[in-house]
Amino acid sequence: MVPIELAVQLGLFVMQSVFGSTVLLKNCGEFSTSKGQFIIIVENEPVGTILFNVRGIEAGNSFQVVDDTSHYIKAERKGSFGIVSLKKELDYEAGPKYEVTVNVVNIIEGNLTFSSSMYNVSVKEDVSQYSVILSNIQVSLDDPGDNGLNHLQFQVEESYLKYFFLQLDQNQPLRNTRLYKLKLQQQLNYSSESPYRFTAVASSPSSTPVTTSLTVQAIDQDTGINTTINYRLVQEIPSKGWFSVDKTSGAIKVINSPDRETCSQLTLFIKGYQVNNEALRYDVTWVDVTITDVDDNPPVIEKSVYNISIPENSPTGTNIVQVLATDKDEGNNAKFSFHFVTSNVLRSSCKGLGIDQATGMIKVQDSAGLDRERHPTLSCQVKAKGTHGKHLLREVKASDKDLAPAISYTITDKSLQTFLVNLKTGKITLNVSLTENFLKLYSFEIVASDGDKKAPRYTSVIVNVHVQDVNLHAPVFTQKNYHLNLMEDVAVGTDLIQIKATDKDPDDTLTYRITKSNSHFKINSTSGMLSLVKSLDYEVDHSHSINITVTDSVRNTMTTFSVTVLDINDNAPKFQNTSYIFTNVIEEDSNRNVGTVLATDIDGKGNNSEITYSIEPPWKANFSIGNGATDHELETRKDFHHIQVEDMDKTDINRQMTYSFIGSHDGFTIDPNSGNLSATKALEMEHTKNGQIELTISVSNNPTCKDNITVTQTIVINVQDINRFSPQFTPNTYSLNVKENYTVGSKLDGLRINATDRDTSPKYNTITYWIGNGDPSGHFYMDSKTAEIYLVKPLDYENLKQFVLTIHATDGHALYNGTSINATGHVTVKVQNVNDNTPGFNQDVYLCKFDENTQTSKNGCTVKATDGDKDKLSYRVNNTMFDINQSTRAITVKSGLDYDNGVHSYVLQVLATDNGSPKLTGTAVVEVDVLNLNDNTPSFSNKTYKFKVMEDAPVLTMVGVIQASDKDGDKLKYSIATANTGFSLDSDTGLLTLKSSLIDNTNITFTVQTTDSNKTDTAAVTVKVIDVNNHPPVFNQKVYNKDVAENVENVAVIKVQATDQDNSPGNKNISYSIGSPWNTNFTVDSKTGEVKVQGHLDRELVDDSGLITFVIMATDQGNPPLIGEAEIKVQVTDRNDNCPYYIDKEVTYIFKEYDQPVFHNFMVKDADKMKANRDCSYTFVPPLASLNMNFAISDSTHAYLEALTPFHIQSSATGIQQINHLTFTAKNFAKEGCSKKAIQTVLLVVQDVNDHTPEFQSKSYLFYVNEDTAGGSKINNVSIKAIDADPTEEFNTVHYGIESGDSQGHFSIDTLSGNIYIMKNLDYETTTNYNLKVTATDGKPFNNTGKVLTSTITVEIRVNDINDNPPVFDKGM
């Protein structure tokens, strides 16, 4: 009988009160008790004192204590009451609190059984955690009750719980059957233990547990030295999240882009460990990573606006302001140059200025461009140009044998914006980012030209750029997750679904793999096709879920694939037993229950698992069976027939028989008349021959019969043995000492347990052994046949020092009298202590922080280890710089750590050693971070700084840089401690610049200081002001005036004088010079200042005013020299040295008849500047009066010729146009100078206009025509003719037309000849005459009026009748 716990539990909690002990009973069931009742008792209450009672315990239930380690409480049942009482006196000093659990247990009639007494499985040692390694471990209960397995407990023995655990399968096909899966708790290790042998115990409260053995064979996956090494990144200092370490290969990978400008050096602490024992088998190393620079930062100008004021006469070379810029990159990547922005607007506004590309110093480049009156404000935009974004690919080079070739390089494909080539150097750089949408191959042509302007020569080269793909993108699945519904009979090998992912990186090869293990599926690593490799079984798993990972070798993405398995009817019903024997069938019985059979079907719910029972022939007629949900009972259907011996005689006397024995028949008797055979005493197996008794029976007729016939029959009686004796232990007590490190799985040597049974048959004398009480945690296993006891769970002296095992022996059957007696014995196992527990720390890694120069941790660097043997522990660290307190376990620094020495972290190993024999040591890692403190005062690199600066240095001139350092790495701030120094010190960079003018200053001394927020250092600064040539020469006049006649040469003009206020000889000596462009026409004596005409002056080459203005300069000898300027104005007087002339020797003017034109630009030209030298007299041939024209001069530059009356073409003209010839002659009035005349011929061309109307030769025309004249015939013998008197064909060509009088279109007229033609047949009877209005029109409009000239005339056409109609009768006749 197996006791199965019901869901009723009572909790007992005893606590101390001021006057005794308090008992609290907690009712967790549905009993009629007071919930939360407190019971107060005195600590020395006698044994048997009732603490609490429970009513309503049903028949068949037990009431018992199942959890009372103190053994103070007793529970017993009396009728329907459960009574809780004291089993021994309470002692407050021994313990004021007790906790007790009392259970009400239902007694279930049934036995727990496993489907197998032993399970074996082989599994690879590297199978992942939580994998199922064994399925379908079945526990059954042969009890029809409803509560059978509700409280079943089934678990692996405790010592193997760290490796394995049992999990209830979700699919439970039978009510009284439970299926379990064995799953992996942690990875197996072939090296440490193989095979793994252990037991699993199924039990319920107060029941007899049943045990099955499991063997897990770990398949070795190691090679070489049989170890698997994994790697882990323990710490990244400073923590940036830029790197990871591949667990398997140890490869360091970049997972986030490093930024050198944020952090240029990191230290990676990497732990390598054996997977079978990470705690003890590991090592830690560090890797120093230096981030190299790439050109990923543009230069940045420090200020957005510079406002500067300068005098407009600042000499060339004067420094104005220095533009400062920085680039976060380093080395060549940080190099940049300064340039003016080259827009048209800004270029013109920077006129006169230049910028040093290396230093950013803006200077006066051309002092002449600094003209305040024209440009009071100059606005220049400066850019700092680096190589940002232009990554050098390679350089192409061309050579030319010609001397000094200027080779230039260009890309021929102007649309290609991806690459640039330097025009001069041939360096090819990347112009755009290639992170996406790039070609794998770029092919383009670069042309090299020698730059010859007349006949340039070229050569070209093809450049192929192969772009190597860099893994920038992670793969992406086309679906977030995948799901299928599959019938459980899908064939193995079927392709289920193609998992698809994409990657923006074009060269990446995607690999698919299943990461959440499942033996039913596999995936093609290349195509992503998922297929079935193991049959699905709805009865085992209703669903499956796997994780699928796609990788491009660097980046991974995961999705989930799930399957719902659909049930099919693929399992036949199965009887629980292969045969059933029912012994309660009695002859002549009918309609009585014989027994029950039970079959199960493991298919899913519904029609697939419904079972119908039937009985096959030949006994179908004798028995029936029910088909209800629980009623499968077999019943008899009708009476049995009695089989007996018959005698064929007809008379009763002849049929009488007499039964008797022949031979021995001790213990039996037979009725001589009926033949009933019966025993006269109890049968004993000991008195049989192999369990059989043979009797010979004789049957004879009545002796009076004539023929007395006798027959004999041998009857064999099989005597069935009964269980008369119970097993007995000899002896019934055993004792054994066992060390706590006794090997699990080994037999307890020294025990010879034996029990005997006096029954003779194997059925009743075969003994089965088991352990009852005394081993609640399942440390021992007793072989049911040999009585050998094995250790199946590690012993622990510290937890339990002795076991008293109650052992049982049974022959498996009740005694013949109905009682059931098992033999009981006791085995005492005393556990002997050994040092078998290695000290263990409560953490694998401790993180501690120490401020530099301190000995104690900022966050309390305390470790803790425990020893299962309760041994005393001693601690130490493996670094002599640190110490550990044995009492507090606090780690301290022997002497302060210095963050500023460059070591910012330490990895220590702390060791805890017990005092056992042998001594055992446990370890842990302590990672120490050293925190920086501000413990160092900043220090200037020099205590005294000396700088030199020119006296005239402009404001913002850079004087020098002052630098300090701080070992703490703190950011320093700079400032000037002395007031009103005239200098400015940049607080961040220490750049010293000029804030105000230094004119007339000498040496300046002041104090500067630097601070790191609370510590300060000072230094002295001396600036020596160097005297400069700051006074330019000054002329005694600003303007000098002088008149000079043209054409004179080497004549003194004027003498100038300038002085210089500088005292030094170099700055005071003056030399004179003349600026361009007049320095070729005038000279000046550099020492005396006398100015002379060097070449003859030409008044006509000077502007109209005749005034020459040039600058004379006085330059001192300073460095740089200063210049004073004055103006010299020379008035050049004119002479008549130029003759009059006409630009055009002949001119033609064309105009229309009837025009009255005015002709301009007849003024003669003369280069002389004075009007008196330019004025001329004019003569005309023929005289203008003959042409009725007049000549007039309106001013000094304009003369014109005008017609006094309109022009007419004379009759003597050609009829097209008339040409008049005029000759003009001009001569200077001046008597001196040029006497040459200027002559010009003028042609006046008069053009005809349309001024005559066509005139017909006759006033009217009359024509006769027969009515039968054929169409197309001309009707007049004389053409209609009009004459136009205009002389030109353009205006005298006449065109004819019919304006009216021919509405039916019978006639047409030739537009040029005037001939009239018949177009349609004429009919005298219809029309006898036509009056046509004919027009004559000339060609062009007259006087541009927009009209042509037209004349009209009437043309009469009379039709002659001919006899073309027959007589016709009147209709009325």
Can you find a pair of side-chain heavy atoms, one from [X] and one from [Y], that are under 4.5 Å apart?
X	Y	value
Lys1055	Thr1088	yes
Val321	Pro954	no
Asn1050	Lys1092	yes
Gln1094	Thr1080	no
Thr1223	Ile1239	yes
Val1130	Trp1078	no
Phe340	Val382	yes

Could you measure the distance from the [atom1] atom of [X] to the [atom2] atom of [Y]? Nearest 0.5 Å is fine.
X	Y	atom1	atom2	value
Leu1222	Met1189	CG	CE	6.5 Å
Ile1150	Asp1155	CD1	CG	12.5 Å
Ser1073	Asp1085	OG	CG	12.0 Å
Thr326	Glu302	OG1	CD	5.5 Å
Asn1079	Ile1074	CG	CD1	7.0 Å
Leu1097	Asn1047	CG	CG	8.0 Å

Nearest heavy-atom neighbours spanning [X] and [Y]:
X	Y	value
Tyr1141	Asp1166	CE2-N, 4.1 Å
Met361	Asn319	CG-OD1, 3.6 Å
Tyr409	Ile446	CB-CG2, 4.3 Å
Ile1123	Pro1033	C-CD, 4.0 Å
Ser996	Val955	CA-CG2, 4.0 Å
Ile320	Val364	CD1-CG2, 3.9 Å

Side chain to side chain donor-acceptor pair (under 3.5 Å) partners for Tyr945, two or more places apart: Ser941
Applying side chain to side chain donor-acceptor pair (under 3.5 Å), can you list everything that pairs with Ser987, at least two apart in sequence or on another chain? none
If the condition is side chain to side chain contact (heavy atoms under 4.5 Å, CB included), which residues does [X] pass it with, not counting sequence neighbours?
X	result
Asn1173	Asp1134, Asn1136, Asp1168, Met1170, Ala1230
Lys1129	Val1039, Asn1041, Leu1107, Thr1109, Glu1127
Gln1037	Tyr1040
Thr981	Ile976, Thr978, Phe983, Phe1006

With ring-ring contact (aromatic ring centres under 6.0 Å, His included) as the rule and sequence neighbours excluded, what pairs involving residues 1112-1131 come up? none
Apply side chain to side chain contact (heavy atoms under 4.5 Å, CB included) to residues Gln322 and Leu956 and explain how you reach the verdict. CA-CA 7 Å; Gln322 186 176 22; Leu956 296 182; over 6 Å; no
For Lys397, what residues pass the salt bridge (Lys or Arg N to Asp or Glu O under 4.0 Å) criterion, not counting sequence neighbours? Glu395
Among all residues two or more places apart in sequence or in another chain, which pass the disulfide bond (SG atoms under 2.5 Å apart) test with Cys1139? Cys1234
Throw together a table of side-chain donor-acceptor distances under 3.5 angstrom for residues 1110-1117, partners on residues two or more places apart or in other chains.
residue : atom : partner : partner atom : Å
Asp1116 : OD1  : Asn1029 : ND2          : 2.6
Asp1116 : OD1  : Gly1118 : N            : 3.3
Asp1116 : OD1  : Leu1122 : N            : 2.7
Asp1116 : OD2  : Asn1029 : ND2          : 2.6

Is it true that a side-chain atom of [X] and a backbone atom of [Y] form a donor plus acceptor pair closer than 3.5 Å?
X	Y	result
Tyr1072	Ala1058	yes
Asp1144	Val1147	no
Asn942	Thr944	no
Glu1090	Ala1052	no
Tyr974	Leu992	no

Set of residues satisfying ring-ring contact (aromatic ring centres under 6.0 Å, His included) with respect to Tyr1149, sequence neighbours excluded: Phe1159, Phe1162
Once ring-ring contact (aromatic ring centres under 6.0 Å, His included) is applied, do any residues pair with Phe338, and if so which ones, sequence neighbours excluded? Phe336
Evaluation steps, side chain to side chain contact (heavy atoms under 4.5 Å, CB included), between Ile962 and Val1021: CA-CA 9 Å; Ile962 296 171; Val1021 178; 3.7 Å; yes
Please step through side chain to side chain contact (heavy atoms under 4.5 Å, CB included) for the pair Ile362 and Cys380, ending with a clear verdict. CA-CA 10 Å; Ile362 298 177; Cys380 304; 5.7 Å; no
Please report the C-alpha distance between Val1093 and Val1053 in whole Å, then the side-chain angles of each, then the deciding distance to 0.1 Å, and finally whether the side chain to side chain contact (heavy atoms under 4.5 Å, CB included) criterion is met. CA-CA 7 Å; Val1093 177; Val1053 176; 3.5 Å; yes
Kindly check if the number of other-residue, nucleotide or ligand heavy atoms within 6.0 Å of CG (Asn1003) is above 12? yes
